Peer 1: 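Below is one structure. I have some questions about it.
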Amino acid sequence: MASGANRTPLNNKQVADLFRSIGELLQILDESRFVVMAYQNAARSIDGLEQDLNEVAGEGKLEDLPRIGKAIAEKIATLLETGSLPYYDELAAQVPEGVVAMMQVPDVGPKTVKRLWKELDIASVEAMQAAAEQGRLRGLKGFGAKTEERILKSIKLLESRSDDRTPIGASLPAAQELAQTLLKHADGLVQKVEIVGSLRRWRETTGEIRLIGVSSAPREALQCFESLPQTAEVLGSDAKQSRVLLSNGMHARLSLVGAENWGAALCHATGNHKHLEELREFAQSAGLRVDENGIVPQNGFDATNGAGREALASEEGFYDLIGLQWTPPELREGVKEIDAARRRELPQLIEPGQILGELHGHTTWSDGKASVAEMAEAARRKGYRYWAVTDHSVGLGVTAGVDGEALIAQRSEIDAVNERYAAEGVDFRLIQGTEVEVLGDGELGLPDDVLATLDIVVASIHIGLRQERERITERCIKAIHNPHVDVIGHPTGRLLGRRSPSDIDIERVMRACAETGTAVEINANPARLDLSAEHARQAAELGCKIVINTDAHSTGQLDLMPYGIHTARRAWLRRTDVMNTRPLNDLLGLLKRNRSGRCTK
DNA sequence: GCCGTTTTCGGCCCGACTGTTTTCAGTCG
């Protein structure tokens, strides 16, 4: 960690990460789980902080922060002042780095790590893999062949995620911040800048943040980019572009292009490779040649003159010049969009402003951070007309969850909020539901007579996600056939870069949903994006009803909706494909519970 | 280690599932 007077001040995330690491080290070192929890809580508290920790420290108010007491406040102060923390260094000295890394393997926790390290002298992921392959782990009490198999599978998952791609939930905010900082620092040197590459296509993960810009002074502009606060190292540059390593570990590239062919450059930099290839082929068949500089004069066509030049300054003009309908970036995957663009039959994709409400979100009745009234007000402020309170049912250990009795009390609270809005003449309404747990055998966490009292029921799997294919599929289908279940939440249970999707047969699940009129969710949380665009596309083709929800656990998480919308756009979905673009009464009428003759059981 | 009081110390995030046992430990959400 950097030290000395000239070092960059640590940001909140760096401090939170260090306290999380302390928690991990303490777990391996067998410290009381409450002490571990204290460090983890402190890390979460810092994560959720909007103010810069350095400011809080400057005001002497560290101890005022939630879950930060005297001991941790002192450690934060030391860390911010000196750039390092002796307490952390002492702990780290007791545990080899490789041992800490072993805890990153899913299903391998502190107890396992400690036993492998102490009893088998295993101190790295590689050594753990080798030992599992050689069947040496089963020598330990409590370890068997299945455990070895599971560990090997988890290591493979870990390897597949470390292919240097960053989930969009981290890369997009970083790219937006980078672009804004560049415009601010460039002081007029950069006229405009745009995020391009896979991020503009809203792909789930990003290899490199790519920006293109227009500048009247390219050399100075690139120098400015290379010296931004986010830049850790310059990896290479020439007259037109620069590649840097950011302090968050991501790579970023800025390319400068001429304003006169901005549209062509934007298209080229957005990709993907296959889309561009097909675009070139199509252009060629029309007697045009397209390359990275735009449209090159060919067969008497001169794009550098008159109308042609004007057209090239915008992407719409560029596509039009080639003879194609402008193609939204989310569709540029080289699947069938060029053909559709040629016939001018690209769908009118769903737009962010068309979402009228959400059907899956949490409050303090379970593990949400905000009250029913606070969530309602935040949803209303976003312009929504309705929002469903769907707290976890009993059955999910991490949170108390709501049972039948709690739901009756919650209903009064919801009614009171609705009455207040009605009295004020505000067109907004809460509906009451639950996110009911699909238990290990397909039973639900709440009885049918309780579910029947609700406006909507979202059923989700959180536990037993590693069940084998047939079992987890049957379990989910059993829930789908329950007449009270209206929506299946985050159907595969994946967490991008952290947890593989379950082995569920998603096609069978979606067929069952289509047959019974059960809707499937696109969970907009960028950690999930579940359904994925590919599955959402398949769902629409199978005739499933689709809803997009943020599954918000705080008011701020309502802002995650764009990730869901753009996933839906990647799936070629139109407004009419998505249920929560409809007014509440229409939507309620479409729910399974309110439709007669649609249920098979 | 934090918090909220019973202001000096006890309670915190616990239930379900899996693999390995055959009663439980470890992990996860």
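None of the values given here were measured: they were computed from a predicted structure. Atom set for the values below is all heavy atoms of this structure, side chains included, hydrogens, waters and symmetry mates excluded. Chain identifiers are assigned alphabetically (A, B, ...) following the order of the sequence lines, protein sequences preceding nucleic acid strands; residue numbering begins at 1 within each chain.
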Peer 1: If you find the nucleotide of DNA chain B closest to A:I72 and the one closest to A:G109, which residue's nucleotide is nearer the 5' end?
Peer 2: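 Comparing both residues, the 5'-ward one is A:I72.
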Peer 1: Between A:L407 and A:V450, is there a side-chain heavy-atom distance shorter than 4.5 Å?
Peer 2: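 Of all side-chain heavy-atom pairs linking A:L407 with A:V450, at least one is under 4.5 Å.
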Peer 1: Within 45° of the axis and under 6.0 Å from the centre of the six-membered ring of A:F19, does NZ or CZ of A:K75 qualify?
Peer 2: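 Judged by the rule (NZ or CZ under 6.0 Å from the ring centre, within 45° of its axis), A:K75 is not positioned above A:F19.
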Peer 1: Would you kindly give the CE-to-P distance between A:M37 and B:dT27, to the nearest whole Å?
Peer 2: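 That distance rounds to 16 Å.
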Peer 1: Distance check needed: B:dA16 C1' versus A:I461 CD1, whole Å only.
Peer 2: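 Those two atoms, CD1 and C1', are 13 Å apart.
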Peer 1: When we call it a touch if two heavy atoms are under 4.0 Å apart, what does A:V108 touch: a base, just sugar-phosphate, or nothing?
Peer 2: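 Since only primed, P, OP1 and OP2 atoms lie under 4.0 Å of A:V108, the category is sugar-phosphate.
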Peer 1: Should B:dC24 form a Watson-Crick or G-U wobble pair with both distances under 3.5 Å, which nucleotide is its partner?
Peer 2: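 Across all strands, the one nucleotide that pairs with B:dC24 is B:dG19.
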Peer 1: When the distance from CZ of A:R67 to C1' of B:dG11 is rounded to whole Å, what number comes out?
Peer 2: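 One finds 16 Å between C1' of B:dG11 and CZ of A:R67, rounded.
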Peer 1: Measuring only between side-chain heavy atoms, which start at C-beta, is A:N12 closer than 4.5 Å to A:D52?
Peer 2: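 A side-chain contact exists here, since the closest heavy-atom pair is under 4.5 Å.
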Peer 1: In whole Å, what is the span from the CG atom of A:D367 to the P atom of B:dC28?
Peer 2: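 The answer, rounded to whole Å, is 18 Å.
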Peer 1: Side-chain donor-acceptor contacts of residues 473-480 of chain A below 3.5 Å, not counting sequence neighbours, with atom names and distances?
Peer 2:
from, atom 1, to, atom 2, distance (Å)
A:T473, OG1, A:R469, O, 2.6
A:T473, OG1, A:D505, N, 2.9
A:E474, OE2, A:R508, NH2, 2.5
A:R475, NE, A:L439, O, 2.8
A:R475, NH1, A:I463, O, 3.1
A:R475, NH1, A:G464, O, 3.1
A:R475, NH1, A:Q467, OE1, 2.8
A:R475, NH2, A:V438, O, 2.9
A:R475, NH2, A:I463, O, 2.5
A:K478, NZ, A:D441, O, 3.4
A:K478, NZ, A:E443, OE2, 3.0

Peer 1: Under 4.0 Å between a side-chain nitrogen and a carboxylate oxygen: does that hold for A:D47 and A:R44?
Peer 2: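 Answer for the salt bridge query: no.
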Peer 1: Taking B:dT5 as the reference, what is the distance to B:dG10 when you measure between their C1' atoms (whole Å, please)?
Peer 2: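 Between the two C1' atoms, the distance is 11 Å.
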Peer 1: Calculate the interatomic distance between A:H392 atom NE2 and B:dC14 atom C1'; express it in whole Å.
Peer 2: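 Whole-Å distance recorded here is 14 Å.
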Peer 1: In residues 28-35 of chain A, what residues come within less than 4.0 Å of DNA chain B, judged by heavy atoms?
Peer 2: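 Here the set is A:F34, A:V35.
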Peer 1: Using the P atom in both, what is the distance from B:dC14 to B:dT8, to the nearest Å?
Peer 2: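 27 Å, rounded to whole Å.
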Peer 1: Can you check the A:K70 NZ to B:dT8 C1' distance for me, whole Å?
Peer 2: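 The distance from NZ of A:K70 to C1' of B:dT8 comes to 16 Å, rounded to the nearest Å.
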Peer 1: According to salt bridge (charged side-chain N to carboxylate O under 4.0 Å, His left out), who are the partners of A:E74, at least two apart in sequence or on a separate chain?
Peer 2: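 If we apply the salt bridge (charged side-chain N to carboxylate O under 4.0 Å, His left out) test to A:E74, skipping adjacent residues, the hits are A:K70.
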Peer 1: B:dC13 and B:dC3: how far apart are their C1' atoms, nearest whole angstrom?
Peer 2: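 That atom pair is separated by 15 Å.
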Peer 1: Sort and list the pairs that fulfil side-chain hydrogen bond (donor to acceptor under 3.5 Å, both in side chains) and have at least one residue in residues 25-34 of chain A, not counting sequence neighbours.
Peer 2: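 Those involving residues 25-34 of chain A are A:D30-A:K114.
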Peer 1: What does nucleotides 17-23 of chain B look like as a protein-contact string, B for base, S for sugar-phosphate only, - for none, at under 4.0 angstrom between heavy atoms?
Peer 2: SSSS---
Peer 1: Taking salt bridge (charged side-chain N to carboxylate O under 4.0 Å, His left out) as the definition, give me every residue that meets it alongside A:E119, ordered by chain and number, with sequence neighbours left out.
Peer 2: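 In terms of salt bridge (charged side-chain N to carboxylate O under 4.0 Å, His left out), with neighbours along the sequence ignored, A:E119 is linked to A:R115.
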Peer 1: Once you round it to whole Å, what is the distance between C1' of B:dG15 and CG of A:L444?
Peer 2: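 Answer to the nearest Å: 17 Å.
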Peer 1: What integer number of Å spans the P atoms of B:dT27 and B:dT21?
Peer 2: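 These two P atoms come out 16 Å apart once rounded.
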Peer 1: What is the separation between atom CD on A:E443 and atom C1' on B:dA16, rounded to the nearest whole Å?
Peer 2: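 To the nearest whole Å, that distance equals 15 Å.
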Peer 1: Say you pick atom C1' in B:dC17 and the same atom in B:dC12; how far apart are they, in whole Å?
Peer 2: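 Approximately 24 Å lies between the C1' atom of B:dC17 and that of B:dC12.
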Peer 1: Heavy-atom distance under 4.5 Å between the side chains of A:L591 and A:M579, does that happen here?
Peer 2: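 The answer is yes, as the side chains (C-beta and beyond) meet within the 4.5 Å cut-off.
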Peer 1: Please give the distance between the P atoms of B:dA16 and B:dG11 as a whole number of Å.
Peer 2: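 Between the two P atoms, the distance is 23 Å.
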Peer 1: Assuming nearest nucleotide by heavy-atom distance, tell me which of A:N41 and A:L65 is located more 5' along DNA chain B.
Peer 2: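 Between the two, 5'-proximity favours A:L65.
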Peer 1: May I ask you to decide whether A:R528 forms a salt bridge with A:E521, counting only side-chain N to carboxylate O separations under 4.0 Å?
Peer 2: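 So A:R528 does not pair with A:E521 through a salt bridge.
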